[in-house]
Amino acid sequence: MPDNLFIALEGIDGSGKSTQARLLNKNLSERGFKTYLTNEPTDHRVGKLIRSIFSHETEANQHTIAALFVADRLQHILDDKNGLLQKLKEGYSVICDRYYFSSYAYHSVFVDMDWVIQINKICAELIKPDITIFIDADPEICMQRLKDKRHSLEMYETLDNLKKVRENYFKSFDKLKSSEQIVIVNGNNTEDQIAAEIEEIVRRTLKTKK
Ligand code: ADP
Ligand code: TYD
């Protein structure tokens with residue numbers, strides 16, 4: 001069994017995913033792993049189109065947005081050079097800041113969750129994370145962090161929406177718990193506490209994979 005992992009980090013906006021993705025990347029590379037840090041939406045043109053919808057430059061229906069995320073994800077998985085499958089084949093441990101659980105949680109505020117799971121099925125068949133780590137931070141705390149960090153908030157960044165998205169994450173975990181490896185960490189803790197907990201989860205995941 002190869003000892004490289006595919007790790008997905010999930011959480012509502014401002015929960016600390018990017019911070020933890022960076023810290024985990026540093027930790028794993030210091031321990032001698034070849035690592036590849038990546039995120040969704042991607043920098044591919046489909047990802048850029050998605051970002052232009054979020055900044056209200058482009059109008060799109062919520063079903064269309066969910067479908068665009070599937071297209072972006074498929075390219076992310078299948079790209080010949082930098083695709084997740086290719087990177088894993090080359091022995092990289094992949095840390096992915098958001099993956100398909102983001103779709104289940106965010107789009108099902110507007111459209112049926114089972115439909116979102118259905119259209120993402122091809123992605124789950126191509127590659128499932130060895131572990132999905134959900135950083136569970138309080139929506140009020142996340143809103144405050146986002147306000148401190150940025151001048152303008154994006155499409156989904158209202159308190160009401162963050163609360164709904166958090167609930168949807170839990171609903172999707174419940175639906176898929178028999179076929180996915182999911183762990184939840186307390187995102188209200190300090191960056192160092194969360195990083196230590198994630199390090200321990202990754203050690204455990206490596207042990208079970210070997
Ligand atoms: P996300 O990628 O989930 O949106 P970020 O990692 O960008 O979140 O973090 C959002 C903001 O909150 C950043 O300004 C970051 O420095 C800060 N932050 C991240 N983790 C914590 C934490 N555990 N405690 C306090 N602030 C944090
Ligand atoms: P991201 O750049 O990760 O935002 P942040 O750093 O603030 O967490 O993601 C941009 C937005 O895209 C975020 O609000 C969540 C949303 N999103 C979806 O709606 N569906 C998806 O499948 C993914 C991956 C992200």
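Whatever order the structure lists them in is the order used to number ligands and atoms, beginning at 1.
- Under a 4.0 angstrom heavy-atom cut-off, Asn189 registers as being in contact with ligand 1.
- For ligand 2, the atoms lying closer than 4.0 Å to a non-hydrogen atom of Glu157 are 7 (O).
- Every N/O-N/O distance between Tyr106 and ligand 2 stays at or above 3.5 Å.
- Side-chain N or O atoms of Glu10 include none that pairs as donor or acceptor with a backbone N or O of Ile135 at under 3.5 Å.
- For the atom pair CD of Glu40 and CZ of Phe69, the computed distance is 8.0 Å after rounding to the nearest 0.5 Å.
- Atoms of ligand 1 lying under 4.0 Å from any heavy atom of Gly16, numbered from 1 in the order shown and given with element: 1 (P), 3 (O), 5 (P), 6 (O), 8 (O), 9 (O), 19 (C), 20 (N).
- Not a single heavy atom of Gly11 sits closer than 4.0 Å to an atom of ligand 1.
- Classification of Lys171 and Glu167 as a salt-bridged pair fails, no side-chain N sitting under 4.0 Å from a carboxylate O.
- Residue-ligand proximity, Lys17 to ligand 2, at heavy-atom distances under 4.0 Å covers atoms 8 (O).
- For ligand 1, the atoms sitting less than 4.0 Å from at least one non-hydrogen atom of Thr19 are 5 (P), 6 (O), 9 (O), 15 (C), 19 (C), numbered in the order shown with element in parentheses.
- Between the side chains of Ser93 and Thr35, no donor-acceptor pair is found at a separation under 3.5 Å.
- Where the criterion is an N or O separation shorter than 3.5 Å, residue side chain and backbone included, Ser15 meets it with respect to ligand 1.
- If you check the side chains of Asn82 and Gln86, you find no donor sitting under 3.5 Å from an acceptor.
- Residue Lys149 touches ligand 1 through its side chain alone, judged by heavy-atom distances below 4.0 Å.
- Residue Arg98 places at least one N or O, backbone or side chain, under 3.5 Å from an N or O of ligand 2.
- A cation-pi geometry, defined here as NZ or CZ lying under 6.0 Å from the six-membered ring centre and within 45° of its normal, does not hold between Arg73 and Tyr100.
- The shortest N or O to N or O distance between Ser103 and ligand 2 is below 3.5 Å.
- The Ile194 neighbourhood of ligand 1 comprises atoms 23 (N), with distances under 4.0 Å to a heavy atom of that residue.
- If you take NZ on Lys121 and CD on Glu125, they are separated by 6.5 Å, rounding to the nearest 0.5 Å.
- The N/O atoms of Asp13, backbone and side chain alike, include one that comes under 3.5 Å of an N/O atom in ligand 2.
- Set against the non-hydrogen atoms of His107, the atoms of ligand 2 under 4.0 Å away are 18 (C), 19 (O), 20 (N), 21 (C), 22 (O).
- In this structure, Ile122 places its CD1 atom where only 12 or fewer heavy-atom neighbours from other residues, nucleotides or ligands lie under 6.0 Å away.
- Looking at Asp13, its side chain never comes within 3.5 Å of a backbone N or O of Glu157 through a donor-acceptor pair.
- Geometrically, ligand 1 and Gly187 share no nitrogen or oxygen pair separated by less than 3.5 Å.
- Residue-ligand proximity: Tyr100 is placed with every non-hydrogen atom at 4.0 Å or more from ligand 2.
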